[in-house]
There are 2 protein chains.
Amino acid sequence: MMSHPLRTHIESVSKLTDEEFDYILSHFTTVKLKKHSSLVREGDLVKHEYFVLKGCLRSYVTDNTGKEFTYQFAAETWWISEREAFMKHIPASTAIECLEDCQLLALSYEDRAKLGREIWKYEHYLAVKSNMGYVALQKRLQLMIMGSAKERFENFVHQYPHLYNRIPKTHIASYLGVSRETISRLYRK
Amino acid sequence: MMSHPLRTHIESVSKLTDEEFDYILSHFTTVKLKKHSSLVREGDLVKHEYFVLKGCLRSYVTDNTGKEFTYQFAAETWWISEREAFMKHIPASTAIECLEDCQLLALSYEDRAKLGREIWKYEHYLAVKSNMGYVALQKRLQLMIMGSAKERFENFVHQYPHLYNRIPKTHIASYLGVSRETISRLYRK
DNA sequence: ATTTTTAAGTGACAAATGTCCTTTCACCAG
DNA sequence: CTGGTGAAAGGACATTTGTCACTTAAAAAT
């Protein structure tokens, strides 16, 4: 029988008993959203973080000239939120939108803290996840500084082959920090 | 009377009693290094993290074509180490060198964990520091993707006016992800 | 003080990438 | 099926940035 995707994800860090997982899961609520709808708008207070069961989203910021920078994508089994706003209870500076119809599990700030306190393995899972996020961010910055547009693009395709055919090129471009046209030119060859 | 720089730094997060600070400080050892010497070489195991009392350092990686990317600078009251190697006990992929004669306070992995366990405020200080590091990294990535060389340079000068006249331009360039010549051109105007 | 070494500034040119505009293609609603 | 809408491709040209070669200035060593 199929294990729950969230359980699988947590257990990639540490195993849980059935009771523990059921208890954890009981703190989440399900959210469904249509394609193109917003999960978070700039200026919102962000009370939850989300685990993606189905669909695909992106978080992004818009600069004063209207240009967008995609900060993160999230598809099945990824977490997404506006970290700074969620952690510090300040208005979001990053928006999150659905690129497809989505089904998410939402966990509130309070319940997150509660689970962390009550279930040591969950706390550990969060710490590991946070550290991996930091390292990934480092790698992305390094590639951004040392790599050409081509290298960054190839790295993206290699790292996320499933996203590459699922997400509009415009957004991939804004994630990589290049124009959409440059992406086109790259795989012409 | 003058407070210790490390104490000042920790107390920007939470106040300590004299006893607490003395106890914390007793776990550090002093390290002195000459200009141009290496604190960490690629491949080293990294047993300590360092608080800068005097001098200036940089951490950097070198790519296969010999080009360098400066990952971080650290001057007085900054921490520096090779985070991933230090945390995971793996060989360093980033080197650290002194740009000036340096005087550092070194804290071992074990003592760091010990202090975290014994002094709740120290643990908290580490958590806050880590989170600030994450947010700073986000900002840097965003500027890297959205900003021109000029914007990145101006941001650097504005953010670190003291470093700008203290560090060779070559290194500032490798921190910003541009060539040294581009830096020259920028402040010609 | 003099030499030697290292960092920085400069100009000319090449390469990468951005911008703008037009065309093509795929998909969806009616 | 059809018209419309949005995404992607492609070409032409502008701009930014990199590269290389050389000069100048500053700093370190003797």
Side-chain angles (χ1 to χ4, degrees), chain A residues 34-37 55-58 60 62-70 73 97-101 141-157 163-189, chain B residues 33-38 55-58 60 62-70 73 97-102 142-157 160 162-189:
Chain A
K34 287 262 173 244
K35 183 170 177 172
H36 293 138
S37 60
C56 184
L57 309 89
R58 66 188 269 257
Y60 63 98
T62 310
D63 76 7
N64 36 37
T65 75
K67 229 173 257 176
E68 290 183 352
F69 156 53
T70 295
F73 294 115
E97 69 173 4
C98 301
L99 303 178
E100 304 171 354
D101 290 357
L141 176 67
Q142 188 175 325
L143 189 62
M144 190 66 213
I145 290 189
M146 303 221 301
S148 63
K150 183 176 182 185
E151 287 175 286
R152 302 203 297 274
F153 176 70
E154 283 168 356
N155 181 270
F156 182 88
V157 175
L163 293 185
Y164 159 70
N165 283 316
R166 191 171 168 185
I167 293 176
K169 301 282 174 290
T170 311
H171 297 147
I172 295 181
S174 80
Y175 178 87
L176 295 175
V178 298
S179 67
R180 193 179 45 72
E181 289 89 338
T182 298
I183 299 274
S184 271
R185 277 188 281 239
L186 284 175
Y187 63 54
R188 228 183 274 183
K189 302 161 197 175
Chain B
L33 287 169
K34 287 262 174 244
K35 182 169 179 173
H36 293 138
S37 60
S38 294
C56 183
L57 309 90
R58 66 187 270 257
Y60 62 99
T62 310
D63 75 8
N64 36 35
T65 74
K67 230 173 253 173
E68 290 182 353
F69 156 54
T70 295
F73 294 116
E97 70 174 5
C98 300
L99 302 178
E100 304 171 355
D101 290 357
C102 286
Q142 187 174 326
L143 190 61
M144 190 65 212
I145 290 189
M146 304 222 302
S148 64
K150 183 175 182 186
E151 286 175 287
R152 302 203 298 274
F153 176 70
E154 282 169 355
N155 181 270
F156 182 89
V157 175
Y160 310 111
H162 44 299
L163 294 185
Y164 159 71
N165 283 316
R166 190 171 168 185
I167 293 176
K169 302 283 175 290
T170 309
H171 297 147
I172 296 180
S174 80
Y175 177 87
L176 295 176
V178 297
S179 68
R180 191 181 46 73
E181 289 90 337
T182 298
I183 299 275
S184 271
R185 278 187 281 236
L186 283 174
Y187 64 55
R188 226 183 274 182
K189 301 158 195 175

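Below, chain A is the first sequence line, B the second, and so on; all start at residue 1. Remember, it's a predicted structure, so these values are computed and weren't measured experimentally.
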Return a single string for nucleotides 20-30 of chain C, one symbol per nucleotide in 5' to 3' order, where B is base contact, S is sugar-phosphate-only contact and - is none, cutoff 4.0 angstrom on heavy atoms. BB---------

Contact list for residues 144-156 of chain A, test salt bridge (charged side-chain N to carboxylate O under 4.0 Å, His left out), sequence neighbours left out: none

Atom pair distance, as rounded to whole Å: [atom1] in [X] and [atom2] in [N]:
X	N	atom1	atom2	answer
Ile145(A)	dT17(D)	CD1	P	14 Å
Asn165(B)	dA7(C)	CG	P	17 Å
Glu151(B)	dT15(D)	CD	P	17 Å
Leu186(B)	dT10(C)	CG	P	12 Å
Phe153(B)	dA8(C)	CZ	C1'	13 Å
Glu68(A)	dA7(D)	CD	P	11 Å
Arg152(B)	dG18(D)	CZ	C1'	13 Å
Ile183(A)	dT19(C)	CD1	P	14 Å

Is there side-chain contact between Glu97(B) and His36(B), with heavy atoms separated by less than 4.5 Å? no

Under a 4.5 Å cut-off applied to non-hydrogen side-chain atoms, are Leu176(B) and Ile183(B) in contact? yes

Under 4.0 angstrom between Tyr187(B) side-chain N/O and dG9(C) OP1 or OP2: yes

Determine: side-chain N/O of Lys67(A) to OP1/OP2 of dT19(C), distance under 4.0 Å, yes or no. yes

Could you say whether Lys35(B) or Thr182(B) is positioned toward the 5' end of DNA chain D, judged by the nucleotide with the nearest heavy atom to each? Thr182(B)

Residue closer to the 5' end of DNA chain D, Thr170(A) versus Ser148(B) (nearest nucleotide): Thr170(A)

Roughly how far, to the nearest 0.5 Å, is the [atom2] atom of [Y] from the [atom1] atom of [X]?
X	Y	atom1	atom2	answer
His162(B)	Ile167(B)	NE2	CD1	8.0 Å
Asp63(B)	Gln142(A)	CG	CD	9.0 Å
Leu141(A)	Phe69(B)	CG	CZ	4.5 Å

Answer yes or no: side-chain N or O of Arg185(A) and base N or O of dG18(C) forming a donor-acceptor pair under 3.5 Å. yes

Strictly under 6.0 Å, is that where the ring centroids of Tyr160(B) and Tyr164(B) end up? no

Kindly assign one of parallel, tilted or perpendicular to the pair Phe153(B) and Tyr187(B), based on the angle between their ring planes and the thresholds 30° and 60°. tilted

Would you mind reading off the bend of the helix from dA1(C)-dT30(D) to dG30(C)-dC1(D) from its two end axes, five pairs each, to 10 degrees? 50°

Using the rule given for side chain to side chain contact (heavy atoms under 4.5 Å, CB included), can you reason through Leu99(B) versus Phe73(B), listing the C-alpha separation, both sets of side-chain angles and the distance that settles it, and then say yes or no? CA-CA 9 Å; Leu99(B) 302 178; Phe73(B) 294 116; 4.2 Å; yes

